[in-house]
Amino acid sequence: MIERTISATTHGRYITNERDATSPILMGFHGYAESAEMEFKRLQSIEGSEDWFIVAVQGLHRFYNRRTDTVVASWMTRQDREFAIADNTAYASSVLKAVTGDTAASPKLVLSGFSQGVAMAYRSAVLEGRSVRGVIALAGDIPPELDVAALRRIPAVLLGRGDQDEWYTAEKLEADTRRLNTAGVSVKVVTFSGGHEWTDTFRNAASEFLQFCL
């Protein structure tokens with residue numbers, strides 16, 4: 001049995017609030033078994049986000065939630081990981097180009113991720129040649145392949161963790177904070193009572209962070 005890979009074309013989807021292309025952009029990436037709709041509602045719930053061009057991107061790998069029969073998605077698995085990373089970052093870049101159009105301006109950009117989507121937010125932030133102001137990262141860790149030089153391209157990061165989160169542990173939060181500090185990134189850490197979830201406490205912190213990034 002010989003395994004091979006081949007490039008293929010597929011279509012992704014994203015949801016926006018269709019603001020002016022020169023508005024600051026808040027681009028979000030959902031967690032495992034979630035959808036663009038779920039991420040859009042998350043970002044829309046942040047106070048002050050009505051002034052931002054919200055873009056919620058859905059993972060390319062769709063499947064059915066067996067319990068609810070709704071369509072959800074994921075970003076990648078361990079299989080063909082390097083190819084998936086390249087596909088996903090190119091996809092995110094294409095979405096950004098689509099929403100900004102031919103505008104000569106470079107809108108302010110904040111990237112947000114929840115759980116599995118956190119890695120996408122980091123990867124997109126360090127690869128984009130745009131005016132990235134910061135990353136909102138809740139319940140997910142920094143991708144292992146991003147070195148100090150790459151992380152230096154991110155000016156500021158809001159890190160969040162629920163104190164009962166068994167996946168994104170206190171040790172992972174500490175390691176991420178250390179990596180960002182080493183890279184000279186401005187880091188704000190928010191911990192709250194809860195698990196692997198988006199809470200009002202973190203939502204309020206995200207609102208302050210957006211104001212900081214303007």
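Applying the side-chain hydrogen bond (donor to acceptor under 3.5 Å, both in side chains) test to residues at least two apart or on different chains, the pairs with a partner in residues 136-151 are Arg81-Glu145, Arg123-Glu145.
Side-chain atoms of Tyr122 and Leu146, non-hydrogen and from C-beta on, do get closer than 4.5 Å to each other. Side-chain contact check for Val126 versus Ile154: some heavy-atom pair is nearer than 4.5 Å. Between Glu39 and Gln58, every side-chain heavy-atom pair lies at or beyond the 4.5 Å cut-off. Taking 4.5 Å as the limit, some side-chain heavy atom of Asn65 sits within range of a side-chain heavy atom of Thr68. Contact check for Met120 versus Met27: no side-chain heavy atoms found under the 4.5 Å cut-off. Put simply, the side chain of Thr70 does not reach to within 4.5 Å of the side chain of Ser35, judged on heavy atoms. Residues Leu173 and Val189 form a side-chain contact, since some pair of their non-hydrogen atoms from C-beta on lies under 4.5 Å apart. Within the 4.5 Å cutoff, the side chain of Phe53 has no heavy atoms near those of the Thr22 side chain.
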Between Arg152 and Val185, is the side chain to side chain contact (heavy atoms under 4.5 Å, CB included) condition met? List the steps. CA-CA 6 Å; Arg152 280 201 187 107; Val185 179; 6.0 Å; no

Apply side chain to side chain contact (heavy atoms under 4.5 Å, CB included) to the pair Thr10 and Tyr91, showing each step before the final yes or no. CA-CA 10 Å; Thr10 188; Tyr91 167 43; over 6 Å; no

Checking Val110 against Val135 for the side chain to side chain contact (heavy atoms under 4.5 Å, CB included) test, could you report, in this order, the C-alpha distance in whole Å, the side-chain angles of both residues, the deciding distance, and whether it holds? CA-CA 6 Å; Val110 170; Val135 168; over 6 Å; no

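In this structure, CG on Asn88 lies 11.0 Å from OG on Ser93, to the nearest 0.5 angstrom. With values rounded to the nearest 0.5 angstrom, Ile15 atom CD1 is found 11.5 Å from Met38 atom CE. Of the inter-residue distances, the one linking Ile142 atom CD1 with Arg178 atom CZ reads 10.5 Å to the nearest 0.5 angstrom. One distance of note links CZ of Arg19 with CD1 of Ile25; it measures 13.0 Å at 0.5 Å rounding. In this structure, Lys188 NZ and Thr177 OG1 are separated by 12.0 Å, a value rounded to the nearest 0.5 Å. For the atom pair His11 NE2 and Arg62 CZ, the distance stands at 10.0 Å (nearest 0.5 Å).
Checked by atom type and distance alone, the side chain of Ser207 pairs as donor or acceptor with a backbone atom of Glu47 at under 3.5 Å. With Asp165 contributing its side chain and Arg161 its backbone, the two residues share no donor-acceptor pair below 3.5 Å. Gln79 contributes no side-chain N or O that, together with a main-chain N or O of Thr77, makes up a donor-acceptor pair within less than 3.5 Å. A donor-acceptor distance shorter than 3.5 angstrom exists from the side chain of Gln116 to the backbone of Met76, with no hydrogens or angles considered. Within the 3.5 Å criterion, the main-chain N or O of Gly195 finds no donor-acceptor partner in the side chain of Gln164. With Asp163 contributing its side chain and Gly194 its backbone, the two residues share a donor-acceptor pair below 3.5 Å. Remark: the backbone N or O of Phe83 is not paired with any side-chain donor or acceptor of Asp80 at under 3.5 angstrom.
Proximity of the aromatic rings of His196 and Tyr32 is defined here by a centroid distance below 6.0 angstrom, and this criterion is not met.
Within 6.0 Å of CD on Glu166 lie no more than 12 heavy atoms contributed by other residues, nucleotides or ligands.
Linking ILVMFWY side-chain heavy atoms closer than 4.5 Å, directly or via other members, places Leu138 and Leu26 in a single hydrophobic cluster. Cluster annotation: Phe209 and Trp52 are assigned to the same hydrophobic cluster (Ile/Leu/Val/Met/Phe/Trp/Tyr, side-chain heavy-atom contacts under 4.5 Å, transitive). Note: the hydrophobic cluster containing Phe29 does not contain Val71 (ILVMFWY, side chain heavy atoms under 4.5 Å, direct or indirect links). Put simply, Leu43 and Val95 are part of two different groups of oily side chains (I, L, V, M, F, W, Y) that touch within less than 4.5 Å, one to the next. Both Val132 and Val57 sit in one connected hydrophobic cluster of ILVMFWY residues. Membership requires side-chain heavy atoms under 4.5 Å apart, directly or through other members.
In this structure, Asp176 and Gly140 approach most closely via the heavy-atom pair OD2-O, 3.9 Å. Residues Ser23 and Pro107 share a closest heavy-atom pair of O-CB, 3.4 Å. Considering every non-hydrogen atom in both Trp75 and His61, the closest pair reads O-CD2, 3.0 Å. Residues Pro24 and Leu214 approach most closely at CG-CD2, 3.9 Å, considering heavy atoms. The minimum heavy-atom distance between Ala92 and Ser124, with the atom names listed, is CB-OG, 3.6 Å. In plain terms, the two heavy atoms of Arg203 and Ser45 that are nearest each other are NE-OG, 2.8 Å.
Ion pairing of Arg179 with Glu174 is absent here, as no side-chain N (NZ or NE/NH1/NH2) approaches a carboxylate O to less than 4.0 Å. Look at Glu34 and Arg42 and you find a salt bridge, because one of the NZ, NE, NH1 or NH2 atoms lies within 4.0 Å of a carboxylate O, short of that distance.
Under 3.5 Å, the side chains of Thr16 and Glu18 contain a donor-acceptor pair of N or O atoms.
Take Trp198 and apply the ring-ring contact (aromatic ring centres under 6.0 Å, His included) test, not counting sequence neighbours, and it matches Phe202. Residues satisfying the salt bridge (Lys or Arg N to Asp or Glu O under 4.0 Å) criterion with Asp69, sequence neighbours excluded, are absent altogether.
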